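Have a look at the structure below before the remarks.
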Amino acid sequence: MEQVFSRAVNLLIPEQQRLLTLLSEGCDNAPNSCRLALTHCEELFYPGEWVSFTRSGIAVGNDKWIETSGCLPWRIPRWTPDAVSLAAIRWLCWEELIRQQLRSDDSLFLYQGDNPFYQEITRQLLNRRQTLLAALHTGENISTAVSHLIGLGIGLTPSSDDYLVGLSTILFIPGHPLGKYREDFLVALQRAGNNTTLLSKITLEEAFHQRYRESVGRLLNHIITEQQPVSTQYITDIKNIGSSSGCDMLYGMADACALSHRSGGNYVDQDSC
């Protein structure tokens, strides 16, 4: 048992250096996760408890058994929009809508307080973000720019990593013009993955391969299929992920929308935020 939180626990699989997350029933589905019929986890599981996996379930400690043989698998939705459909998406409208839902205290990318430590992290985040956006615009030094972002921030999944998760969920939609840079992101993760936490490294790898949380999939579906009316609830669902992780992801998604507009043949100022 690696970490225990109110609504989730992380189980370490040492041989694979992977994590399996057990989620409470109120959480949305996610890769490498299993939702349980539990409301809270912190009074049931404890860090350091041994874990044993079998074909039919998971034994935790000396007194807990999780039956998994009857679990229903969750499949991440897949879309294969063509180039015309992607270009027709109102990317700038989505960028604006997402940014409107973010406040200055939601993310270190938007921090405006007087804490000098946070101020410096924000400065570094924005500088390195700017370098990455410029690299994606020119197609040069992308791997280096991504590497310099990985691991920057605070928390179990640093702000920069959550930003990259949000950015990649849109840029790597099948058929997206900037999807050709996926390998640069993967090379960067291989190079700099040890600069961040194991959980964040795994989350980045999953996201770069278009594997993400159910709430992210709902918003992507809303964007790709141009459903009407536009629902901000899907954005709110992502905002509620972690203490600031969801907001950092949304900040990356907003940047990805701006990049998507540009890559479709229209120019958008990368400083428009």
Side-chain angles (χ1 to χ4, degrees), residues 1-78 106 154-159 161-162 164-166 168-169 193 196-222 231 233-250 253:
M1 187 70 62
E2 185 77 355
Q3 292 120 357
V4 177
F5 305 98
S6 175
R7 297 191 299 164
V9 296
N10 288 322
L11 311 181
L12 176 65
I13 307 175
E15 299 82 1
Q16 304 175 16
Q17 278 299 292
R18 306 288 291 180
L19 295 172
L20 172 67
T21 302
L22 303 180
L23 299 169
S24 70
E25 59 187 357
C27 297
D28 57 330
N29 289 304
N32 303 322
S33 301
C34 180
R35 289 175 62 193
L36 306 178
L38 294 174
T39 303
H40 298 287
C41 303
E42 72 269 31
E43 295 181 0
L44 182 61
F45 301 100
Y46 303 95
E49 286 188 297
W50 64 269
V51 178
S52 177
F53 296 90
T54 72
R55 289 182 177 273
S56 59
I58 306 171
V60 180
N62 298 314
D63 58 351
K64 290 177 285 292
W65 170 256
I66 302 170
E67 181 71 33
T68 59
S69 59
C71 288
L72 298 176
W74 170 68
R75 305 297 183 191
I76 296 175
R78 299 295 182 191
D106 286 336
I154 58 176
L156 196 55
T157 55
S159 301
D161 297 355
D162 292 323
L164 290 171
V165 168
S168 64
T169 57
T196 191
T197 65
L198 177 60
L199 176 61
S200 197
K201 180 180 178 181
I202 293 172
T203 303
L204 284 168
E205 182 180 6
E206 294 293 312
F208 293 169
H209 286 100
Q210 284 286 280
R211 296 191 288 265
Y212 34 71
R213 297 173 66 126
E214 187 174 10
S215 55
V216 174
R218 284 195 295 266
L219 179 57
L220 279 181
N221 182 65
H222 206 51
S231 175
Q233 182 60 48
Y234 298 130
I235 297 175
T236 301
D237 290 342
I238 297 175
K239 284 185 67 174
N240 292 332
I241 296 174
S243 58
S244 65
S245 291
C247 294
D248 295 328
M249 290 166 58
L250 286 168
M253 294 179 79

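Note that this is a predicted model, so its numbers are computed, not measured. The first residue in the sequence is number 1, and the count goes up from there.
Residues passing the ring-ring contact (aromatic ring centres under 6.0 Å, His included) test with F208, sequence neighbours excluded: F185. With sequence neighbours excluded, no residue forms a side-chain hydrogen bond (donor to acceptor under 3.5 Å, both in side chains) with D63. Shown here are the ring-ring contact (aromatic ring centres under 6.0 Å, His included) partners of F45, two or more places apart in sequence or in another chain: there are none. Not counting sequence neighbours, the partners of S56 by the side-chain contact (heavy atoms from CB on, under 4.5 Å) test are T54, W65, E67, S69. Here S33 pairs with T21, L23, A30 under the side-chain contact (heavy atoms from CB on, under 4.5 Å) rule; sequence neighbours left out. E15 pairs by the side-chain contact (heavy atoms from CB on, under 4.5 Å) definition with I13, not counting sequence neighbours. The side-chain hydrogen bond (donor to acceptor under 3.5 Å, both in side chains) search around E49 returns K64, not counting sequence neighbours. Partners of T157 by side-chain hydrogen bond (donor to acceptor under 3.5 Å, both in side chains), not counting sequence neighbours, listed by chain and number: D162, S245. Every residue two or more places apart in sequence or in another chain was checked for a side-chain hydrogen bond (donor to acceptor under 3.5 Å, both in side chains) with N240, and none qualifies.
Side-chain contact between I76 and Q210: absent, with no pair of heavy atoms (C-beta onward) separated by less than 4.5 Å. Under the 4.5 Å side-chain criterion, counting only non-hydrogen atoms from C-beta, L19 is in contact with L198. Two residues are said to be in side-chain contact when any heavy atoms from C-beta on lie closer than 4.5 Å; V4 and Y46 fail this criterion. Two residues are said to be in side-chain contact when any heavy atoms from C-beta on lie closer than 4.5 Å; L219 and T169 fail this criterion.
Closest approach of R35 and N29 over heavy atoms only: CD-OD1, 2.9 Å. Among all heavy-atom pairs drawn from C41 and A8, the shortest one is SG-N, 3.7 Å. In terms of heavy-atom proximity, M253 sits nearest to I238 at SD-CD1, 4.4 Å. For the pair S24 and L38, the tightest heavy-atom approach, listed with the atom from each and the gap, is CB-O, 3.1 Å. Closest approach of W74 and Y212 over heavy atoms only: CH2-O, 3.3 Å.
Interatomic distance, I202 CD1 to T196 OG1, rounded to the nearest 0.5 Å: 11.0 Å. The distance from atom CG of L164 to atom OG of S200, rounded to the nearest 0.5 Å, is 9.0 Å. The CZ atom of F53 sits 5.0 Å away from the CG atom of L20 when rounded to the nearest 0.5 Å. Taking OG of S6 as the start and CD of E42 as the end, the distance is 4.0 Å to the nearest 0.5 Å.
Applying the salt bridge (charged side-chain N to carboxylate O under 4.0 Å, His left out) test to residues at least two apart or on different chains, the pairs with a partner in residues 234-244 are D106-K239, R218-D237. For the salt bridge (charged side-chain N to carboxylate O under 4.0 Å, His left out) condition, the pairs that include at least one residue of residues 201-213, sequence neighbours left out, are R18-E205, R18-E206, D28-R213, E206-R211.
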Checklist line | Audit row: I241, S215, side-chain contact (heavy atoms from CB on, under 4.5 Å) steps and yes/no | finding: CA-CA 9 Å; I241 296 174; S215 55; 3.6 Å; yes

Next item on the list: Decide yes or no on side-chain contact (heavy atoms from CB on, under 4.5 Å) for D161 and T203, but give the supporting numbers first.
Entry: CA-CA 9 Å; D161 297 355; T203 303; over 6 Å; no

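Side-chain atoms of H222 do not come within 3.5 Å of backbone N or O of Y234 as any donor-acceptor pair. Within the 3.5 Å criterion, the main-chain N or O of V165 finds a donor-acceptor partner in the side chain of S168. Between the T197 side chain and the L156 main chain, a donor and an acceptor come within less than 3.5 Å of each other.
Side-chain contact check for E2 and N10: no donor-acceptor pair (N or O, by modelled atom type) lies under 3.5 Å.
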